[in-house]
Protein chains: 2
Amino acid sequence: MTVRRSYGQYCAVARGLDVIGDRWTLLIVRDLLLGPKRYKDLLTGLPGIGTNLLAARLREMTAAGIIEWTELPPPAGSSVYQLTDAGLALEPAVTAIGRFGARFLGEPRRDDVLLPRSYFVAIRSAFRPGPAGRPETYEFHVDGLVFTVTAKPDGCSTREGAADDPDAVISTDVATLNALLLEGLSPQTALADGRAQISGDPAALDRFTGMFALHPAAAVDRSGA
Amino acid sequence: MTVRRSYGQYCAVARGLDVIGDRWTLLIVRDLLLGPKRYKDLLTGLPGIGTNLLAARLREMTAAGIIEWTELPPPAGSSVYQLTDAGLALEPAVTAIGRFGARFLGEPRRDDVLLPRSYFVAIRSAFRPGPAGRPETYEFHVDGLVFTVTAKPDGCSTREGAADDPDAVISTDVATLNALLLEGLSPQTALADGRAQISGDPAALDRFTGMFALHPAAAVDRSGA
DNA sequence: CGGAATCCTCTTCGATACTG
DNA sequence: CAGTATCGAAGAGGATTCCG
């Protein structure tokens, strides 16, 4: 409807920002990096976006060719938005901004919301291949959402949805997940306290947290408020 | 004055966007990657920004700690803005967005403006080390701006300002620079037509364009990194 | 019920004018 | 030169309503 606003510069950075520079756009991409999502999934996963703005962004992103609308095959059959190849090409940008933003993360603020999806995107670029064991698959249930993490010696992948044949299934809440990944909470403590449950290999949570130590070592807290 | 708007998500990507997500911010960073700039330099280098918005952005970026205000040593003595270490950490993000944006670049549109600074940021990530010769320094004069490019076997650096002891000094306009880098215009033709002048080693412009082939063909998908 | 379009208020943007 | 002040236009954010 509206003519897309452009910086009007013949520059790859400016042109990229013409496409992804609007508010919320890159956060929609972040969530879609974990797989296709329904409108409602995105809406509830991005508190504050407002339904009109989400609809507008999805329209613009579709027009730009970075997402597409499709229907999942039966039995799901739901209509979803997913990244195109051009949209997948945004992962390095999301990662780079995340690395930059990590230095401003500090401690959670009072009115910060913790979103499970964010962690399963973040760990992709925080993967430290362990002692080169065999590939391992974890299924996480966090606050009603389900994620699959597959760790191989040469990298890891994450997506939203259930795993085929996981080595372990871990259930927890996002606060505990944050504590495990960013605050050094030990898996033993989390399990003993009942903040996390595991079925399958009981040592899997240990190996998981070891592979994804996100502790902001060089974090410079500069939160203005 | 205004409370900075935040996504309110405890997520490195969202926090990063809280800092750099506002309109124009990342383009200011792009220009500052070439070195310190005065207010006026930024204003004229970013057509359309508007002086109040530039002032607001510089204030916010200073508060966030990604730029700082300083005075250049005599004899220049001008007051300038420059990136802090935290601001320099944005180069990977700028590069990643540039790689993504390259696929939307196409041909210049009627109302696109060509900005010399953009090219000297872009070539940083398009450097293909040549046949490992000795380091070479080029000084460019483009539409009243001066740039220094230093190419070494293991990388290249670019900055705004005159070179100390350049191997060649090249004068041209931004349209010709664009044609040389993106449209395959041959240096011989450019020099013969008088669209570019060179002093020093006359073959230097050949070596330069060879090192920085940005042609869409070569620019498309270098996403291996 | 999921997927939006509409309405309304508030903030931000962009351009111009003006000041130290 | 380096900003501040002002103002109309556009965009963001929230609630409600509509559509299938």
Side-chain angles (χ1 to χ4, degrees), chain A residues 1-9 14 17-28 31-32 36-63 67-72 75-82 111 113 144-145, chain B residues 1-9 14 17-28 31-32 36-64 67-72 75-82 111 113 144:
Chain A
M1 171 145 204
T2 60
V3 175
R4 280 204 58 71
R5 187 166 50 169
S6 167
Y7 286 108
Q9 298 184 5
L17 290 173
D18 282 346
V19 175
I20 58 155
D22 280 336
R23 203 162 160 73
W24 295 105
T25 301
L26 223 43
L27 295 183
I28 296 172
D31 281 9
L32 290 180
K37 301 266 173 294
R38 289 173 304 173
Y39 185 91
K40 187 72 176 282
D41 297 331
L42 292 166
L43 192 64
T44 59
L46 296 168
I49 191 177
T51 172
N52 59 339
L53 204 46
L54 177 58
R57 290 292 176 272
L58 291 174
R59 217 180 300 122
E60 294 159 2
M61 294 166 77
T62 302
I67 65 170
E68 62 191 354
W69 182 94
T70 189
E71 290 207 36
L72 290 184
S78 39
S79 64
V80 294
Y81 295 90
Q82 66 187 5
D111 48 358
V113 60
L145 299 178
Chain B
M1 60 193 327
T2 60
V3 175
R4 279 204 58 69
R5 187 166 49 170
S6 168
Y7 286 108
Q9 299 183 4
L17 290 172
D18 283 345
V19 175
I20 58 153
D22 281 336
R23 203 163 157 73
W24 294 107
T25 301
L26 222 42
L27 295 183
I28 296 171
D31 282 8
L32 290 179
K37 301 267 172 295
R38 290 172 304 174
Y39 187 91
K40 186 71 175 281
D41 297 331
L42 291 166
L43 192 64
T44 59
L46 296 168
I49 190 176
T51 173
N52 60 338
L53 205 45
L54 176 58
R57 290 291 175 271
L58 292 173
R59 218 179 300 121
E60 294 158 1
M61 295 166 77
T62 303
I67 65 170
E68 62 191 355
W69 182 94
T70 189
E71 291 207 36
L72 290 184
S78 40
S79 64
V80 294
Y81 295 90
Q82 65 187 4
D111 49 357
V113 60

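All values below were derived from every heavy atom in this structure, side-chain atoms included, with hydrogens, water molecules and symmetry-related copies excluded. Numbers restart at 1 for each chain; the letters A, B, ... are given by sequence-line order, proteins then strands.
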**Message:** Which residues pass the side chain to side chain contact (heavy atoms under 4.5 Å, CB included) test with B:Thr70, not counting sequence neighbours?
**Reply:** B:Val80, B:Gln82

**Request:** Could you pull out the closest heavy-atom pair between B:Arg23 and B:Arg57, with the gap in Å?
**Result:** O-NE, 2.7 Å

**Complete:** Closest non-hydrogen atoms of A:Tyr81 and A:Ile67, given as atom of the first, atom of the second and distance, are CD2-CD1, 4.0 Å

**Complete:** To the nearest angstrom, the CG-C1' distance between B:Asp18 and D:dA12 comes to 15 Å

**Fill in**
Atom CG of B:Leu72 and atom P of D:dC1 are separated, to the nearest Å, by 15 Å

**Asked** Could you state the CD1-C1' distance from B:Ile28 to D:dA2, rounded to the nearest angstrom?
**Response** 15 Å

**Residue whose closest nucleotide on DNA chain D lies nearer the 5' end, B:Ala56 versus A:Leu53** = B:Ala56

**Item:** Closest contact, heavy atoms only, A:Trp69 versus A:Ser79
**Value:** CZ2-CB, 3.2 Å

**Asked** Quick one: A:Arg5 CZ to D:dA10 C1', roughly how many Å, whole number?
**Response** 7 Å

**Asked** Between B:Tyr81 and D:dG3, does any side-chain N or O lie under 4.0 Å from OP1 or OP2?
**Response** yes

**Asked** Between A:Trp24 and D:dG13, does any side-chain N or O lie under 4.0 Å from OP1 or OP2?
**Response** yes

**Fill in**
Closest of D:dG3, C:dT12, C:dG14 to the B:Arg57 side chain is C:dT12

**Request:** Compare every heavy atom of B:Tyr7 with every heavy atom of B:Asp18, then report the nearest pair and how far apart it is.
**Result:** OD1-N, 2.9 Å

**Gap between atom CG of B:Leu17 and atom OG1 of A:Thr25 - 0.5 Å precision** = 9.5 Å

**Request:** Could you state the atom-to-atom distance from CD of A:Glu71 to P of C:dG2 in whole Å?
**Result:** 16 Å

**Prompt:** Heavy atoms under 4.0 Å, any strand shown: does A:Trp69 hit a base, just sugar-phosphate, or nothing?
**Reply:** nothing

**Prompt:** With respect to the phosphate group of C:dG14, does any side-chain polar atom (N or O) of A:Tyr7 fall under 4.0 Å of OP1 or OP2?
**Reply:** no

**Message:** Just the rounded figure in Å: distance from P of D:dA2 to NZ of B:Lys37.
**Reply:** 13 Å

**Message:** Closest approach to the side chain of A:Arg38, judged atom by atom: which nucleotide of D:dT4, C:dG3, C:dA4 is it?
**Reply:** C:dG3

**Asked** What salt bridge (charged side-chain N to carboxylate O under 4.0 Å, His left out) pairs are there with at least one residue in residues 42-56 of chain A, not counting sequence neighbours?
**Response** none

**Item:** B:Ile67 CD1 to D:dA2 C1', straight-line distance once rounded to whole Å
**Value:** 14 Å

**Message:** According to side chain to side chain contact (heavy atoms under 4.5 Å, CB included), who are the partners of A:Val113, at least two apart in sequence or on a separate chain?
**Reply:** A:Pro47, A:Leu115, B:Gln9

**Request:** Kindly write out the residues that satisfy side chain to side chain contact (heavy atoms under 4.5 Å, CB included) with B:Ala56, not counting sequence neighbours, or none if the list is empty.
**Result:** B:Arg59, B:Glu60

**Request:** Would you give the length of the straight line joining atom OG1 of A:Thr51 to atom NZ of A:Lys40, rounded to the nearest 0.5 angstrom?
**Result:** 10.0 Å

**Residues within residues 42-52 of chain B bordering DNA chain D, heavy-atom distance below 4.0 Å** = B:Thr51, B:Asn52

**Fill in**
From the candidates D:dG3, C:dC13, C:dA4, the one with an atom nearest any side-chain atom of B:Arg23 is C:dC13

**Fill in**
Atom CG of B:Leu58 and atom C1' of D:dG3 are separated, to the nearest Å, by 10 Å

**Request:** Between C:dA4, C:dG2, D:dG3, spot the one nearest the side chain of A:Lys40, thanks.
**Result:** C:dG2

Any protein N or O atoms within reach of nucleotides 18-20 of chain D? Criterion: under 3.5 Å, listing atom names and distances.
none

**Prompt:** From the list C:dA4, C:dC13, D:dT4, which nucleotide is the closest neighbour of the side chain of B:Asp22?
**Reply:** C:dC13

**Request:** Compare side-chain N and O positions of B:Ser79 against OP1 and OP2 of D:dC1 and report whether any pair is under 4.0 Å apart.
**Result:** no

**Non-neighbouring partners of A:Asp31 that pass side chain to side chain donor-acceptor pair (under 3.5 Å), sequence neighbours left out** = none

**Asked** Excluding sequence neighbours, so at least two apart, what forms side chain to side chain contact (heavy atoms under 4.5 Å, CB included) with B:Leu54?
**Response** B:Ile28, B:Tyr39, B:Leu42, B:Leu43, B:Ile49, B:Leu58

**Complete:** Axis-to-axis angle for the helix from C:dC1-D:dG20 to C:dG20-D:dC1, ends of five pairs each, to 10°, equals 30°

